Every structure is written in C-alpha cells, then in structure tokens.
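Letters A, B, ... are given to chains in the order of the sequence lines, protein chains preceding strands, and every chain is numbered from 1. These numbers come from a predicted model, not from an experiment.
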2 protein chains.
Amino acid sequence: MNHYDAKHDTADKYSLRVRVFSKLRADILSGRYAENEELKEMAIGEEMGVSRTPVREAFRQLELEGLIQIIPNKGAYVTGITEKDVKDIYIIRSLLEGLCARWATEHITQAQMEEMEENVYLAEFHAGKGHLDQLAELDNRFHDIMYEACNSKLLEHHLKDLHQYVLRVRRKTLANANRGPKSNEEHKNIMEAIKTGNADLAEELAHQHMINAYDNMVENGLHEAYG
Amino acid sequence: MNHYDAKHDTADKYSLRVRVFSKLRADILSGRYAENEELKEMAIGEEMGVSRTPVREAFRQLELEGLIQIIPNKGAYVTGITEKDVKDIYIIRSLLEGLCARWATEHITQAQMEEMEENVYLAEFHAGKGHLDQLAELDNRFHDIMYEACNSKLLEHHLKDLHQYVLRVRRKTLANANRGPKSNEEHKNIMEAIKTGNADLAEELAHQHMINAYDNMVENGLHEAYG
DNA sequence: GCCCGTACTATTGTATACAATTATACGGGT
DNA sequence: ACCCGTATAATTGTATACAATAGTACGGGC
C-alpha cells in the first residue's frame, strides 16, 4: 500500500495537512490520547497514510491551539489540563460569553435567530427523552451559533478556542442527566433575551450561565461540562 | 552562498522554524509588509537563507495567530485589520485586562512586583525626556509583566494574542506625545493598587485604562495605540 | 557493583525532489 | 478586437533523503 492509495480512503476535499490536523484535534479532544502522551510524527503519518511533512505542519497548529506542546528536538506531547485551567476557562468565558450575548443581540441575523430557536426547542425534546448525547451536541451548537451571531471574528475566535477545552473535559466522564436540561433552560432564556433585543439581560444571563455551568461541574467533581 | 553559511549569520539558539516565525511576525507587526500582501515561501526562504520547509511551518503558526491568512493552493496573505477589529479588541481587552489585574493582585511575585515598579518609574523618566520610543517599549512591557503575574497561562495567552494587534496598529503612525505619559500614569495607579492588594481597584483601573486608550485612539483618528 | 564514555538507535529538523494546482501568456477562431 | 482553449510558467502541496540531536545499551575502568 503506497501513500496514494490511502489518499483516497476519505474525502479529498481538504489537503492532507488539514485532514491530519482535524483528525488529531478530534482524537485529542475525544480523549484517544492520554495527557502528556507523546505523539510521534512517523506513527501518526503511517496511520493516516501520509508523510511526515503534513503531520509536522499540523503539529505546529495544534501547538498554537494549545492542544499539544512541542519540545524542540524532543517531541510533541498532549497538553494536560489542570483543574485550575478549567476554572480559569470558565471565569474568562463568563466575561466573554456575556459580551458575546450582548453583541449577538445587536447583530444576529434572522437565519441565525431561527437556528437558535430551533436548537432550543429541539434540545427540549431530547431532554424530555433523556437523549444525553444529542443534548450535549445541541449544547455545543448553541454556543457556536451565538459566537457566529456576535459579528466579531475576533471574539468568535477566542471563544471557540476556549470552548474546545470544555469538550475535552466533558469527555472525562459521561454526561450528567441533570445539568443538560438545566443548561438548555438557561439557553432558552438567553435566546429569548436576544430575540426581544434586551442586550443587558442577555449579557447577564450568558454570564450567569457560565458560572452555573462551572458550579455544577465543581459539585460533580469537575467531571461534567455543559455550557 | 549555501544554506549552511546563512545559518550562522545570527544566533543559533533557536531552530530555523522559530527564527523564521519570529522574524516574519516582527516584520508583519512592524508594517514591513502591507496588508493583503502575498508572502511567497521561496522568497522568504531565500531572504533568510533557509529552505521552504521551516518557512511553511512558520506560516501555519502565523495563520493560527491570525497574522496571515492561507488560501489553499494559492498563497499566504497578510491579514488586514479593520477599524472594527481594533474596537473589538479594546472592548475584549477591557474585560480581560481587568480580570488579569485582579488575578495579578492575588498572585504577583516579589520579583514581578519589583519589575513593575521599576517599569513605571523608568517610564516616568523617559516621559519627562520625551523619549517616545522607550516609552512605547515600556508600555508594552508593563502589560506583559501583568500578564505573567496573573498566574494563568490561559489568560496570559489570550491577552498576549490580543495585545499583539495593538502593536500593528501603533505602527501606522508615530507615537502620540500626549497619550504616552497619561498611559503611564494609569499604569502607576494600577501598579499601586496591585501593590496594596486592592484587587477591586486594580480591576477597575485596568478596565478603565483600556477604555481610555481606545477613546484616545479614536480621538486621534485610530492611529495611536498606547495601552 | 558503580560510574562514565562510546557506539548505536530512534526521532526530530531541514533540504530537496517531484506532483498538483493555479496563474499567465499566447495564438487561432470568430 | 474579443473570446476561449491550450501551453507554459510560477507556486503551493507532499514525499523523501539526509543532517543533527537526544535517548539507550553496552562495555571498560575503577
């Protein structure tokens, strides 16, 4: 099997570098690699059927995203997330999500508003059925919608960067049956504040949403991560 | 002249990739390249006496830092910063710098406190002499000290990322003779709040410091960038 | 037995060769 | 003159070869 065969295993839409980057990112977030585990260029490349070149380039990006740490002439290691990191992230997000909700109130498009409403009601349905996976997925998506709606590439960028860490933490255990529905109720309130154009309320609710998410996580031993 | 000669032109302390990354970053921030200018791998490599490999890796990092945008199969372009971007940055920073000042108050080390004091008094001296370049340099450093003192790698990372954009904007014209000394006065107040352990005050002052910096910039046609 | 140096191996760092893609220039057809 | 397809050149994308560095195992000296 040469490299060109492997190239056709999956969608060709993206360059190899992007494919490697995306896969590694997903694998790290999904907890496939343990914290502080060493990533070897050759091993990754062989597994994905590509040479070291795109792997190395993907590494540089992962490093800047904070998912791995590269020690020169030594290796690439999956970054560990401490409890303090998680706490810091939620506090930082509590500020920025508030700002984001404010800006979203001012700039959200009709299409985005509709997707947000749909998201909340769909989540309500899955909450009633106890579909925790779908609930978690919709939870993530709610935040992404708001990030996109705030009309600031910069804020969106930083919030997405922070949000992804949450995904890693959530992975550490199964979703909590209580927080999911509660989180979605808060989303609903934020959504309605945005819809009615009440930026002050939206900001306050989004701010509190993060604090609640963090408090819940602490109560459950820092394992849950809704919000 | 082959590549190995060039390797010894400057300090060998860092890998070529890091050297290329640092130089390109500095060049972009210094305004050497115009906005939307295309960066060619080969040209950069030849100029620095390295092959395309480290240049490409540096590109990936610069892209993630937001300094360039890479269009697949096409090229790398210096990102443009709009006036709205600048405004967004200052608002985001006004929140995060406040939080940073709070945390710095709680965690600053003695060495950091001393450097901060030294920074303020040295800046006072240069302000009196009208040394605008040194003033600008000390201004940047003051913020870096605070970022490091806040004891949060995450907050530090995001603030440094935001701060670097300011450096690009400042470049667009010469430093303003008025804002520099005013900015340092505000630094002095922040420094003293931190020193006396008044976290609430430090947060508020740092928050206001950003707002003042932005207002001043607007007054001067979005050209100045102290803070 | 322990220390230390040396050879060997594994891995990363860089350069270069080649493939694929995009941009450009040219020339014929209308 | 203009449109459009083809050839050509320029540039990026990827693979591979080679260099440098770091880690490891072995063996001699004490």
TODO: Measure the distance from CG on B:L16 to P on C:dG13 and round it to the nearest whole Å.
DONE: 11 Å
Open item on the list: In whole Å, I'd like the distance from the CD1 atom of B:I44 to the P atom of D:dT12.
Closed with: 10 Å
Qualifying residues under salt bridge (Lys or Arg N to Asp or Glu O under 4.0 Å), relative to [X], sequence neighbours excluded:
X	value
A:E63	none
A:D85	none
B:R102	B:D200, B:E203
B:E115	B:R141

TODO: Mind checking side-chain contact (heavy atoms from CB on, under 4.5 Å) for A:A76 and listing every partner two or more places apart, or none if nothing turns up?
DONE: A:L39, A:F59, A:I68, A:I70
Does [X] have any side chain to side chain donor-acceptor pair (under 3.5 Å) partners at least two apart in sequence or in another chain, and if so, which?
X	value
B:K195	B:E117
B:T109	B:Q112
B:N73	none

Using a cutoff of under 3.5 Å, can you pull out all pairs of nitrogen or oxygen atoms linking the protein to nucleotides 5-9 of chain C, with atom names and distances?
none

- [ ] Give, ordered by number, those residues of residues 61-78 of chain A having at least one heavy-atom distance below 4.0 Å to an atom of DNA chain D; if nothing qualifies, reply none.
- [x] A:N73, A:K74
TODO: Rounded to 10°, tell me the angle between the two end axes of the helix from C:dG1-D:dC30 to C:dT30-D:dA1, each built from five pairs.
DONE: 0°
- [ ] Enumerate the residues from residues 52-60 of chain B whose closest heavy atom to DNA chain C is under 4.0 Å, giving them by residue number; use none for an empty result.
- [x] B:R52, B:T53, B:P54
